[in-house]
Amino acid sequence: MSALTTVSQQKHFEGKQIRIEHESEVLQCTMRFSVFLPPKASVEHPVPALYWLTGLTGTDENFSTKSGAQRVAAELGIALVIPDTSPRGDQVPNDQAYDLGQGASFYLNATLAPWDKHFRMFDYISAELPAFIERNFPVTNKRSISGHSMGGHGALMLAARLPERFVSVSAFAPIANPVNCPWGQKAFSAYLGEDQQSWKQYDSVELIKARGLSLPLLVDTGTADEFLHTQLNTEALIAVASGLPDARVRYQDGYDHSYYFVSTFMEEHLRFHAQFLLA
């Protein structure tokens with residue numbers, strides 16, 4: 001496991017907001033992520049963590065600077081782990097479009113060149129990053145996961161495929177059924193090829209339809225979201241979640257796709273996760 005380099009560190013709500021750089025063996029490049037440690041976190045008293053996955057074009061800094069999550073996380077005693085959205089660097093393939101390449105990993109393991117060497121974000125988020133976090137910070141292996149847009153897709157997909165790794169899952173405006181929307185179809189074709197059966201392993205609606213979901217679930221999407229009717233497929237998620245034992249998929253009237261929406265409901269999502277992280 002590689003060593004870490006501290007890029008920046010600030011005191012925040014009596015805790016620490018830290019930005020870290022490390023060499024990822026899985027992604028074969030230098031990665032950055034952010035961690036917020038609440039004031040009670042220590043070697044003697046490690047704390048559970050909420051993993052946050054950011055949306056298209058974002059980095060680890062979007063959530064850190066715009067969500068307002070640290071105040072409540074500090075109060076509750078929960079760490080926040082915020083990875084980047086994709087591998088980065090001059091050696092990492094990219095595309096001129098915003099919805100493919102760097103900043104647009106869709107949190108999957110690519111199987112087609114030129115993406116397959118570096119774009120293995122499923123393995124990074126599910127295994128390498130948690131192991132690195134738990135080795136280097138006062139954080140336990142009790143985890144929840146959440147995210148926004150493409151990151152909401154990633155959170156739901158990872159929770160459906162690996163429910164044993166998490167105790168709860170939530171999402172804001174997730175791309176819930178990417179096999180049936182333009183963003184997902186473009187990315188999956190490039191990363192995985194034209195066999196649409198292979199796409200389903202990274203599609204939350206298809207996964208829940210096939211496997212169910214054993215974790216508590218909370219999802220919010222705004223009715224004024226500009227991508228609601230073209231990219232998100234929220235109604236498909238509502239349909240498959242309707243039979244789940246502990247699932248709420250809600251519309252929030254008048255809210256759009258921005259971090260104004262995310263920050264409005266962030267405290268409720270953190271307190272939802274706290275029920276399970278702190279139990």
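Keep in mind that this is a model prediction, so the values were computed, not measured. Computed from heavy atoms alone, side chains included, the values below leave out hydrogens, waters and symmetry copies.
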*Is it the case that one hydrophobic cluster holds both V81 and F276, taking links as side-chain heavy atoms less than 4.5 Å apart, direct or via other members?*
no

*So how far is it from L37 CG to H12 NE2, rounded to the nearest 0.5 Å?*
12.5 Å

*So which heavy atom on L244 is nearest to which on L217, and how close?*
CD1-CD2, 4.3 Å

_Over 60° means perpendicular and under 30° means parallel, so tell me whether W183 and F227 are parallel, tilted or perpendicular._
tilted

*Quick one: does F119's side chain get under 4.5 Å of P93's, heavy atoms only?*
yes

*Side-chain donor-acceptor pair present, S170, S146, cut-off under 3.5 Å*: yes

_Using every non-hydrogen atom in the two residues, find where L228 and T221 come nearest and quote the distance to one decimal._
CD1-CG2, 3.8 Å

*asked:* Just to verify, which of F188, F106, Y191 counts as forming a ring pair (Phe, Tyr, Trp, His ring centres under 6.0 Å) with W115?
replied: Y191

*What is the distance from atom OG of S86 to atom CG of L56, rounded to the nearest 0.5 Å?*
10.0 Å

*Does any N or O in the side chain of Q185 come within less than 3.5 Å of the main-chain N or O of V179, such that one atom is a donor and the other an acceptor?*
yes

*Over 60° means perpendicular and under 30° means parallel, so classify the ring planes of H153 and Y107, tilted if in between.*
tilted

*Q91 atom CD: more than 12 heavy-atom contacts under 6.0 Å*: yes

*Honestly curious: do M150 and I208 fall in one hydrophobic cluster under the side-chain, below-4.5 Å linking rule?*
yes

*Among F172, Y260, Y259, F265, the one residue meeting ring pair (Phe, Tyr, Trp, His ring centres under 6.0 Å) with H148*: Y259

*Taking 4.0 angstrom as the limit, do R32 and E61 come out as a salt bridge?*
no

_Residue pair L215 / P163: nearest heavy atoms and the distance that separates them_ = CD2-O, 3.6 Å

_Apply side-chain contact (heavy atoms from CB on, under 4.5 Å) to residues H257 and L232 and explain how you reach the verdict._
CA-CA 11 Å; H257 199 73; L232 303 186; 4.2 Å; yes

_Min side-chain heavy-atom separation R88-C29 under 4.5 Å_ = no

*Take L207 and R211 through the side-chain contact (heavy atoms from CB on, under 4.5 Å) test and state the conclusion after the steps.*
CA-CA 6 Å; L207 287 165; R211 306 180 182 202; 3.8 Å; yes

*Do F132 and I82 share a hydrophobic cluster (ILVMFWY, side-chain heavy atoms under 4.5 Å, transitive)?*
no

*For the side chain of W199 and the backbone of G193, is there at least one donor-acceptor N/O pair under 3.5 Å apart?*
yes

*Using 4.0 Å as the upper bound for N to carboxylate O, is an ion pair formed by E134 and R143?*
yes

*If you group Ile, Leu, Val, Met, Phe, Trp and Tyr by side-chain heavy-atom gaps below 4.5 Å, do I145 and L218 land in one group?*
no

*What heavy-atom pair brings L213 and P245 nearest, and what distance separates the two atoms?*
O-CD, 4.4 Å

*Crowded around K186 NZ? As in, over 12 foreign heavy atoms under 6.0 Å?*
yes

*Give a yes-or-no answer on whether the side chains of E128 and S24 include a donor-acceptor pair shorter than 3.5 Å.*
yes

_Has Q102 got a side-chain atom pairing as donor or acceptor with V92's backbone, closer than 3.5 angstrom?_
yes

*Are any side-chain N or O atoms of R165 and backbone N or O atoms of S126, one a donor and one an acceptor, separated by less than 3.5 Å?*
yes

*Looking at CG of L4 and CZ of F33, how far apart are the two atoms once the value is rounded to the nearest 0.5 Å?*
6.5 Å

*Quick one: CD on Q201 to CZ on R161, what's the gap to the nearest 0.5 Å?*
5.0 Å

_Minimum heavy-atom separation for S42 and P138, please, with both atom names._
O-CB, 3.2 Å

*Parallel, tilted or perpendicular for H273 and H269, by the 30°/60° rule?*
tilted

_With salt bridge (Lys or Arg N to Asp or Glu O under 4.0 Å) as the criterion, how do R271 and E75 come out once you've worked through the C-alpha distance, each side chain's angles and the decisive distance to 0.1 Å?_
CA-CA 10 Å; R271 294 191 184 280; E75 173 199 328; 2.9 Å; yes

*Nearest heavy-atom pair of D84 and M31: which atoms, and what distance?*
CB-CE, 3.9 Å

*Under a single-linkage definition using a 4.5 Å side-chain heavy-atom cutoff for Ile, Leu, Val, Met, Phe, Trp and Tyr, are V167 and M157 assigned to the same hydrophobic cluster?*
no

*Given side chains that start at C-beta, do those of R19 and D60 come closer than 4.5 Å, heavy atoms only?*
yes

*Determine yes or no for a side-chain-to-main-chain donor-acceptor pair under 3.5 angstrom, with T57 supplying the side chain and Y98 the backbone.*
no

*Using a 4.5 Å cut-off on heavy atoms from C-beta on, say whether the side chain of Y202 contacts that of P178.*
no

*asked:* Any heavy-atom pair between the side chains of Y251 and I238 that's under 4.5 Å?
replied: yes

*Under the side-chain contact (heavy atoms from CB on, under 4.5 Å) rule, what do Y51 and L158 come out as? Steps first, then yes or no, please.*
CA-CA 11 Å; Y51 284 71; L158 280 154; over 6 Å; no

*Donor-acceptor contact below 3.5 Å, side chain N177 vs main chain A236*: no

_Pair L237, L156 - check side-chain contact (heavy atoms from CB on, under 4.5 Å), show working._
CA-CA 10 Å; L237 179 61; L156 295 178; 4.0 Å; yes

*Just wondering, do I175 and S149 contact through their side chains at under 4.5 Å, heavy atoms?*
yes

